[in-house]
Amino acid sequence: MRDFKLIYDIAIVGGGIHGCGIARDAAGRGLSVYLCEQGDFAAATSSSSTKLVHGGLRYLENLDFRLVRDALSEREILMRIAPHLVHPLRFVLPHHSGLRPAWMLRFGLWLYDHVAGGSSLPPASAVDLTRDPAGAPLKPQYRRGFAYFDCSVDDARLVIVNAVDAAERGASMNPRTECVGAQSDGGTWRVQVRRANGHADEVRARILVNATGPWVNRFLQAIAGIEPNLRVRLDKGSHIVVPRLFPHDSAYLFQNADRRVVFAIPYHQDFTLIGTTEEDYRGDPAAAAISESEIGYLLDSANAYFRLQLSADKIVWSYSGVRTLIEQPGAESRKLSREYALDLNQSAGAPILTVYGGKLTTYRRVAEAAVARLSPLVRMQPPWTASAVLPGGDLAPGGIGASIGAFAREYPFLDRANLRRMIFAYGTRIRRIAASSTGMERSFGCGISEAELRYLAEQEWARTAEDVLWRRSKLGLRCGEVDEAGIAEWLTQNEERGARSEERDF
């Protein structure tokens with residue numbers, strides 16, 4: 001349906017974490033916001049991370065103290081505003097006698113604990129791996145190590161809840177809507193968009209925000225007709241998922257001889273996530289896929305530490321994403337900063353703000369800085385996102401554990417495993433799903449009900465089985481082809497019902 005708003009304050013191109021974060025921030029400051037995304041929300045880089053909210057321990061070696069400090073500060077904020085999505089996680093770092101010396105690891109962890117000026121998480125400590133449960137899965141030569149805390153996160157759901165909040169605050173959020181042209185016209189932008197069904201439209205806005213991630217400079221040149229002020233390097237990161245390798249709930253940080261690190265993280269109860277790689281990338285970011293060399297690298301890293309040896313046939317899923325790094329000629333990708341940059345360009349006659357780089361962990365800070373950068377151009381209210389919980393994050397005192405018990409009593413018809421999954425995904429908004437359930441609805445075999453599908457379609461823009469199984473959830477790890485086909489059929493029929501209803505209303 002056509003949006004008849006005459007001129008928006010901001011039009012944002014890109015529905016990843018930065019685009020949706022900026023939309024939420026701006027809408028909450030009273031600005032009129034239009035956002036378009038060529039695919040599904042979080043369909044590219046923002047659903048391809050290592051699923052961590054962290055300061056980036058290894059960035060201390062690159063002397064990126066400000067980045068680490070800011071990220072650790074944001075870690076505290078995200079634990080408060082998204083407690084259903086962001087969870088403390090203990091990491092064990094085995095000492096490898098041939099790599100960084102123990103004193104260096106000890107000092108680095110001490111610095112990590114103190115650089116942000118305080119944390120609600122436990123401090124780092126030495127670990128006797130002959131006694132700690134985390135030592136049992138490791139090879140016997142790893143007898144000592146260190147433990148520290150960071151957080152895990154469902155990256156795609158973090159994007160979705162930002163998009164939901166933006167929409168509820170008045171932003172027009174439009175997935176599957178490609179920006180195909182943008183021209184400055186009398187101090188405003190005329191933005192041409194095309195929906196997946198072929199319908200074309202034009203949106204006008206005072207300010208254009210380029211939050212297209214790895215497409216950032218391509219968008220400037222091909223769509224907006226502007227030469228970029230910054231050069232970027234595309235860096236591919238790949239991950240593999242294997243059946244669970246250890247029974248405890250700690251994660252691992254493994255050192256490698258090339259000075260890179262690899263994580264091994266408990267993942268969705270029955271799996272272990274291993275990553276990430278760093279590989280220069282050229283080509284379409286949407287086509288990024290794991291290479292044989294990356295698979296070998298991750299397997300070799302895990303096999304150097306774990307007693308249980310892995311082979312490629314144990315991989316149940318892999319994924320790759322492309323990061324945007326600000327170019328420094330001659331530097332290795334691992335040494336390029338993960339800092340962000342904001343470039344405000346008014347040479348075209350109307351302002352365009354381009355977001356370069358950045359980390360998932362610091363997205364809220366990037367969004368706040370981006371909107372503040374626009375404050376001389378449009379009137380707005382003060383910053384607000386540091387203290388406002390994201391949708392579903394208003395848990396009762398006692399946090400996620402207490403909420404699981406409370407909701408189990410409230411909804412006894414949900415089995416414990418599925419209840420836990422839904423609370424970790426939706427938080428208190430599980431009530432919106434349960435309230436719409438008749439108890440007689442179809443179940444799709446991998447734990448998802450018709451009521452949940454209806455919620456995802458109506459409240460979270462889900463249109464395909466992939467949207468549901470790999471971004472709104474990770475049930476794709478468990479669902480079979482029959483379940484997936486049933487979900488796809490239901491979503492298609494639901495969309496057809498919606499189209500018929502719109503025709504009647506029209």
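This one's a predicted model, so the numbers in the text were calculated from it and none came from an experiment.
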What donor-acceptor contacts under 3.5 angstrom involve side-chain atoms of residues 380-391, with partners at least two apart or in another chain?
| unit_1 | atom_1 | unit_2 | atom_2 | d |
| --- | --- | --- | --- | --- |
| Trp384 | NE1 | Asp25 | O | 3.0 |
| Thr385 | OG1 | Arg364 | NH1 | 2.9 |

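- Look at Arg75 and Asp150 and you find a salt bridge, because one of the NZ, NE, NH1 or NH2 atoms lies within 4.0 Å of a carboxylate O, short of that distance.
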Determine, stepwise, if the pair Ser301 / Asn256 fulfils side chain to side chain donor-acceptor pair (under 3.5 Å).
CA-CA 7 Å; Ser301 180; Asn256 293 307; 3.0 Å; yes
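- By the 4.0 Å N-to-carboxylate-O rule, Asp185 lies close enough to Arg204 to be salt-bridged with it.
- Scanning all heavy atoms of the two residues, the minimum distance from Asp40 to Asp467 falls at OD2-OD1, 3.1 Å.
- Ala451 approaches Ile433 most closely through the heavy-atom pair CB-O, 3.8 Å.
- Applying the 6.0 Å contact sphere to CZ of Arg194 captures no more than 12 heavy atoms from other residues, nucleotides or ligands.
- With salt bridges taken as basic N to acidic carboxylate O contacts below 4.0 Å, none links Arg472 and Glu452.
- In terms of the salt bridge (Lys or Arg N to Asp or Glu O under 4.0 Å) criterion, residue partners of Arg66 (sequence neighbours excluded) are, by chain and number, Glu339.
- Looking at Glu278 and Arg58, a side-chain N of the basic residue comes within less than 4.0 Å of a carboxylate O on the acidic one, giving a salt bridge.
- A salt bridge does not link Arg432 with Glu458: none of the charged nitrogens is closer than 4.0 Å to a carboxylate oxygen.
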Let me check something: any side-chain donor-acceptor pairs from residues 286-296 under 3.5 Å, sequence neighbours excluded? List them with distances.
| unit_1 | atom_1 | unit_2 | atom_2 | d |
| --- | --- | --- | --- | --- |
| Ser291 | OG | Ser293 | OG | 3.0 |
| Ser291 | OG | Glu294 | N | 3.2 |
| Ser291 | OG | Glu294 | OE1 | 3.3 |
| Glu294 | OE1 | Lys236 | NZ | 2.9 |
| Glu294 | OE1 | Ser238 | OG | 3.1 |
| Glu294 | OE1 | Ser291 | N | 2.9 |
| Glu294 | OE2 | Ser238 | OG | 3.0 |
| Glu294 | OE2 | Thr277 | OG1 | 2.6 |

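- A cation-pi arrangement is absent between Arg429 and Tyr455 under the rule of less than 6.0 angstrom and at most 45 degrees off the ring axis.
- Both tests pass for Lys51 against the ring of Tyr319: distance under 6.0 Å to the centre and angle within 45° of the axis.
- For Gln459, there are no side chain to side chain donor-acceptor pair (under 3.5 Å) partners two or more places apart in sequence or in a different chain.
- Under 3.5 Å, the side chains of Trp189 and Gln183 contain no donor-acceptor pair of N or O atoms.
- A side chain to side chain contact (heavy atoms under 4.5 Å, CB included) with Tyr363 is found for exactly one of Ile22, Asn162, Val159, namely Asn162.
- For the disulfide (SG to SG under 2.5 Å) test, residues two or more places apart in sequence or in another chain that qualify with Cys446 are Cys479.
- With sequence neighbours excluded, the residues satisfying salt bridge (Lys or Arg N to Asp or Glu O under 4.0 Å) with Glu466 are Arg471.
- With respect to the salt-bridge test (charged N to carboxylate O, under 4.0 angstrom), the residues Arg259 and Glu61 qualify.
- Atoms CD1 and OG, on Ile160 and Ser47 in that order, are 9.5 Å from each other to the nearest 0.5 Å.
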